[in-house]
Amino acid sequence: MATELEELVGFLSSPSPPVKKAAVEIVRDLTGSEDGLQSLSKYGSTVLPSLSQLLEEKKEVSEPAAEALINLSLNSNLAAKMVEMGIIKTAMDVLYKPDSSITRLSVMLLVNLTQLDSGIVSLLQIEDEKMQGLFVMKLVRSFGRSSDETRDDPFDHVGSILVNISKKEAGRKMLLDSKRGLLKQILRQFDSTSPLRKKGVSGTLRNCCFEAENQLQNFLLISEFLWPALLLPVAGKKIYSEQDTSKMPLELGSALSIEREPWDDPEIRVEALESIYLIIVQEAGLRAFWSVNGPCILQVGYEDEEDPKVMEAYERVGSLLVHGCGTEEPASETSK
């Protein structure tokens with residue numbers, strides 16, 4: 001069997017297009033089973049470079065090659081080898097080729113590879129001072145430009161990449177860099193109709209909020225995008241009165257004064273509340289929260305909430321708020 005596999009892997013580099021196509025399809029099918037993955041993993045040093053080169057070919061070959069790499073990248077050892085041999089750069093190059101036919105698959109491969117620390121470092125281009133952040137800027141731009149009208153948008157999965165890179169301090173700092181303006185572009189997608197995109201924005205923002213202690217000013221600089229993204233998911237079903245919205249920024253008040261779609265995903269509501277907590281535990285963050293009538297919004301949302309985990313998250317935030325709805329935060333208020 002090993003000999004047959006060696007021959008099969010060798011055929012991936014065949015000069016004959018039909019032979020190459022047949023070989024890559026068989027390899028792709030093998031990666032769909034645990035036994036096949038196990039067998040192919042023994043030939044990682046050969047099969048991975050061969051499949052990587054096929055990403056540049058026509059769709060009939062590049063598509064099964066990308067699918068095989070995605071399956072193989074589920075094995076953390078093979079994923080680490082891919083990162084080491086530069087597949088993140090290859091995937092980015094292929095992703096932004098004008099005639100790319102494997103856009104979605106390239107993004108999905110990047111999702112898997114950025115689950116590794118080494119993959120995050122590679123995508124952030126930390127070790128290349130001149131190019132640092134270029135890949136991330138391209139991905140965020142694509143994430144922001146993609147149309148909600150497009151069904152099955154290939155860039156929806158970029159949200160998962162952003163969640164992955166924001167788990168690391170270097171990634172959070174890059175996204176929060178006010179000169180790059182990346183977080184603002186990401187937050188513009190918070191009201192997308194795509195559940196995957198919403199989860200990506202919510203998870204990324206929540207991770208970035210772990211930097212609130214040192215980067216609060218950069219959050220508050222984009223308040224017009226920040227507060228709607230954090231408060232609308234947890235504002236309940238109520239159509240707010242003019243009196244309620246008079247203290248709110250226009251973007252938030254306008255959205256709350258009309259009927260709106262509910263935020264059905266409890267995970268997004270929990271992440272929004274965790275983000276709020278991380279911001280208002282800082283004194284300036286708490287003042288900003290009071291200034292947009294945040295406590296009043298949370299009080300209404302809590303009354304509508306039925307999920308126990310979400311209610312617990314509301315209560316944790318509430319422990320930092322000592323005043324009732326509609327009252328002003330005293331000038332001496334500090335968070336503990």
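As the structure is a computational prediction, the values presented were derived from the model and not from experiment. One-based numbering along the sequence shown.
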Decide yes or no for Phe135 and Lys89: does some side-chain heavy atom of the first lie under 4.5 Å from some side-chain heavy atom of the second? yes
We want to know whether Asn218 and Gln215 form a side-chain donor-acceptor pair, criterion being a heavy-atom distance below 3.5 angstrom. yes
Could you check whether atom CD of Glu84 has more than 12 heavy atoms from other residues, nucleotides or ligands sitting under 6.0 Å from it? no
Using modelled atom types and a 3.5 Å cut-off, is there a donor and acceptor pairing between side-chain atoms of Ser257 and backbone atoms of Ser254? yes
Is a side-chain N or O of Ser52 found less than 3.5 angstrom from the main chain of Ile87, in a donor-acceptor match? no
Which atom names give the shortest non-hydrogen contact between Arg172 and Phe210, and what distance separates them? NE-CB, 4.3 Å
Are the charged groups of Lys168 and Asp117 less than 4.0 angstrom apart, N to O? yes
Between Asp156 and Arg104 (salt bridge meaning N to carboxylate O under 4.0 Å), is one present in this structure? no
With the threshold set at 4.0 Å, does a side-chain nitrogen-carboxylate oxygen contact exist between Lys173 and Glu211? no
Mind jotting down which residue pairs meet the salt bridge (charged side-chain N to carboxylate O under 4.0 Å, His left out) criterion with at least one end in residues 302-311? Sequence neighbours excluded, please. Arg269-Glu305
For Ser241 and Asp244, which I'm curious about, is there any donor-acceptor pair between the side chains at under 3.5 Å? yes
Not counting sequence neighbours, which residues clear ring-ring contact (aromatic ring centres under 6.0 Å, His included) with Tyr302? List them please. Tyr314
Would you sort out whether Glu312 and Arg316 count as a salt bridge (charged side-chain N to carboxylate O under 4.0 Å, His left out), showing the intermediate values? CA-CA 6 Å; Glu312 191 179 320; Arg316 188 165 180 244; over 6 Å; no
State whether a side-chain donor-acceptor pair under 3.5 Å links Glu271 with Ser202. yes
Just by distance, do the side chain of Ser122 and the backbone of Gly119 share a donor-acceptor pair under 3.5 Å? no
